[in-house]
Amino acid sequence: MNPIQSSLPLLGFAAWSGTGKTTLLEAMLPKLVERGIRVAVIKHAHHHFDIDKEGKDSYRLRKAGAAQMLISSRYRRAMVTETPEEEASLPQLIAQLDLNELDLILVEGFKKLSFPKIELHRAEIGKPWLFPEDDNIIAVASDTPAETDLPKLDINDLDKLTAFVADFTNKHSGQTLNCSDLDPSGMLSVAEGRDRILSQIVAPNTETTVVLKEALGQIVASDILSPVNVPQHTNSAMDGYAIRSDDLGRENYQVVAQVMAGHSYDKPLNQGEAVRIMTGAPVPQNADTVIMREQAQQTGDSVTFDLGVGVIKAGQNVRQAGEDLAIGQAAVQSGTQITAPELGMIASLGLNTVTIRPQVKVAIFSTGDEVQHPGEAQKPNCIYDSNRYTLHAMLRKVGCEVIDLGIIEDSEQALESTLTTASQQADLILSSGGVSVGDADYIKTVLDKLGQINFWRINMRPGRPLAFGHIDTTPYFGLPGNPVAVMVTFMQFVEPAIRKLQGMHNWQAPFFIAVAEEKLRSRPGRTEYSRGIFGIDANGRLTVRSAGKQGSGILRSMSEANCLIEILPEQPGVEIGEKVRVIPLENRI
């Protein structure tokens, strides 16, 4: 990204919730203005907000569908922009400011980005210091001593704090603000994120035995070895006549018997003899060749063969004993998911039980005071919880047992209690919401207290924020809150982890290559997942097109799609007629 061409300092305030960032800024701003410093403030909000009043003209026009609403008067103007697809980045927000009319930009929030910050700290909050883990903190303002060589300020001495900010402004005036410095550090590719997760997933060795009909969808714990030859006997592959291959070329043969499936002719077959035989019936001793009934003419006990221009090949139309499976050969390998063909295969061996991996137990919950249960009367500024329902369905699809813990309120006590319970009951914990940069600080506090969690930003869209680690020894995933992002991140990160927990070796999601019917947009350098619809065109080519609007909260396009279109980071976009990777959604959501 090119640098913003403005000599303008940028300063943030980093603090835990409850420290009083906004109150301090509110008191400091008039003092900065008195010094002649023109200030812009950018504040990052944790959750849904609306600055418009319901019933006002601008509110009505925006709700009617205006993606951008600009309102202006003699004294001020305001732009309200809807961002359903992706939250605006700090560089994008800075670019909207009139930098020529400013001397300083103050930022509240975005504390995980790389730019200068002052840490605000109050002992009564009971939170750890931020500066040991953030090299961008240039000073600390607190009500208790800090063990650091950084400049120390009294958080309650507003004049000295203001003087420090004013001095920072003067010192850094004239420097070019480079947007690349504001990109989140540690951005991972999809493959890197998946590899890091899988390296920390350990498949259990436990197993259980169930009757065959209860094994559908489950994972085979160890190789199932065939106790018999399949087929059990050398048998006929079709209805016809069995003869000896060392007795070919006769004008006619004597039919000495007729063998139906489930029966046999127990005498050795002599030269000049034939046995009329049905599909699946064992061929007699010495017989090794079958001529199909359509090529035979039987009169009484004599049969002749009308082969036309064809010839009889020794061994034709005969299936050898053990041809499909020999005794002791693996019929179904460990790590295989049992579907209808595997059930039939196991049953054909005479087995009525199978040893499987126990179902992976997954605890799920949603977070956020703005989330409520379907069926309730909708409250102001709230949304219905769809994520738990999609996750429940996707987990059942991959053969998991689901423990639904509901919606957890925004409090440390509730989250800590829920995570503790989940880690004791489940093999994996899955939550949605609360993992974006700027979300409630207590989430990281609780996760750090109970386990080891990494907060990652994945270089993908949708689904950039992702938390992964362990609560005690139980793997934990924190997925984003947007409904489509939840499903995409589940497919890319959670399902591979579950497959490994299930004992599936080197599981890979299916994909294929299709031709784009329309231009598909993407941002170079990141992996883009668009909902798509694939099909076969008049020329027999596999083609794909967009399923419609691609916002992370638009569930309808996910319902209408039959695939995800994966545009790789090295692709600057996809033009009509170009090839693109397609991930089918059938049997996955």
Side-chain angles (χ1 to χ4, degrees), residues 203-240 242 259-264 277-284 287-290 292 315-361 393-401 427 495-512 583-589:
N205 295 319
T206 54
E207 55 187 44
T208 185
T209 300
V210 297
V211 297
L212 196 54
K213 288 185 177 180
E214 294 179 2
L216 183 64
Q218 301 309 309
I219 310 301
V220 176
S222 56
D223 290 352
I224 299 175
L225 306 180
S226 177
V228 297
N229 282 322
V230 180
Q232 184 178 6
H233 306 283
T234 300
N235 65 84
S236 177
M238 59 181 57
D239 294 348
V259 182
M260 307 294 290
H263 299 272
S264 64
I277 195 168
M278 301 298 127
T279 302
V283 298
D288 59 3
T289 303
V290 172
M292 67 177 63
Q316 70 182 26
N317 302 324
V318 170
R319 297 184 300 179
Q320 299 297 318
E323 183 176 283
D324 293 343
L325 284 171
I327 293 176
Q329 183 180 347
V332 183
Q333 293 184 335
S334 66
T336 300
Q337 186 170 25
I338 299 175
T339 62
E342 285 75 32
L343 280 180
M345 172 71 74
I346 297 167
S348 74
L349 304 179
L351 304 175
N352 65 346
T353 62
V354 60
T355 301
I356 61 170
R357 297 290 181 195
Q359 278 187 305
V360 174
K361 297 180 181 179
M394 295 175 81
L395 288 166
R396 292 296 299 272
K397 203 83 170 179
V398 298
C400 294
E401 179 183 336
D427 303 308
E495 184 175 359
I498 289 173
R499 294 305 189 185
K500 187 172 181 180
L501 284 173
Q502 291 173 326
M504 298 183 75
H505 311 301
N506 301 316
W507 178 86
Q508 295 286 335
F511 72 89
F512 47 81
I583 301 171
L585 295 178
E586 186 177 5
N587 295 324
R588 297 197 66 193
I589 64 172

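These numbers come from a predicted model, not from an experiment.
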Where A215 and V210 come nearest, the two heavy atoms and their spacing:
CB-CG2, 4.0 Å
Separation of L501 CG from Q359 CD (nearest 0.5 Å):
13.5 Å
Answer yes or no: are there more than 12 heavy-atom neighbours, outside Q333 itself, under 6.0 Å from its atom CD?
no
Between Q502 (side chain) and V398 (backbone), is there a donor-acceptor pair under 3.5 Å?
yes
Atom CZ of R357 and atom OG1 of T208: how far apart are they, to the nearest 0.5 Å?
11.5 Å
Under a 3.5 Å cutoff, is there a donor and acceptor pairing between the side chains of S334 and S222?
no
What's the spacing between I219 CD1 and T355 OG1 if we round to 0.5 Å?
14.0 Å
P358 versus E207, closest heavy-atom pair with distance:
CD-CA, 3.8 Å
Can you tell me how far CG of L343 sits from CG of L212, rounded to the nearest 0.5 angstrom?
5.0 Å
Run M345 and I224 through side chain to side chain contact (heavy atoms under 4.5 Å, CB included) and show every step you take.
CA-CA 10 Å; M345 172 71 74; I224 299 175; over 6 Å; no
Nearest non-hydrogen partners of M278 and S236, listed with the distance
O-CB, 3.8 Å
Can a donor-acceptor pair be found, under 3.5 Å and without considering hydrogens, that links the side chain of Q329 to the backbone of A326?
yes
Has the side chain of T234 got a donor or acceptor atom that lies under 3.5 Å from a matching backbone atom of A321?
yes
Output the distance between atom OG1 (T336) and atom CD (Q218), rounded to the nearest 0.5 Å.
13.5 Å
Once you round to the nearest 0.5 Å, how far does CG of D239 lie from CG of N317?
11.0 Å
Do the side chain of D324 and the main chain of P231 share a donor and acceptor less than 3.5 angstrom apart?
no
Give the intermediate values and the outcome of side chain to side chain contact (heavy atoms under 4.5 Å, CB included) for residues V354 and V332.
CA-CA 11 Å; V354 60; V332 183; over 6 Å; no
From the list I277, D288, T289, side chain to side chain contact (heavy atoms under 4.5 Å, CB included) partner of V283 resolves to I277
Taking all atoms of both residues into account, what is the closest heavy-atom pair of E342 and Q337, and its distance?
OE1-O, 3.6 Å
Mind listing the closest non-hydrogen atom pair of V259 and A281 along with its distance?
CG1-CB, 3.7 Å
Which heavy-atom pair separates F511 from P584 by the least distance, and what is that distance?
CA-CD, 4.1 Å
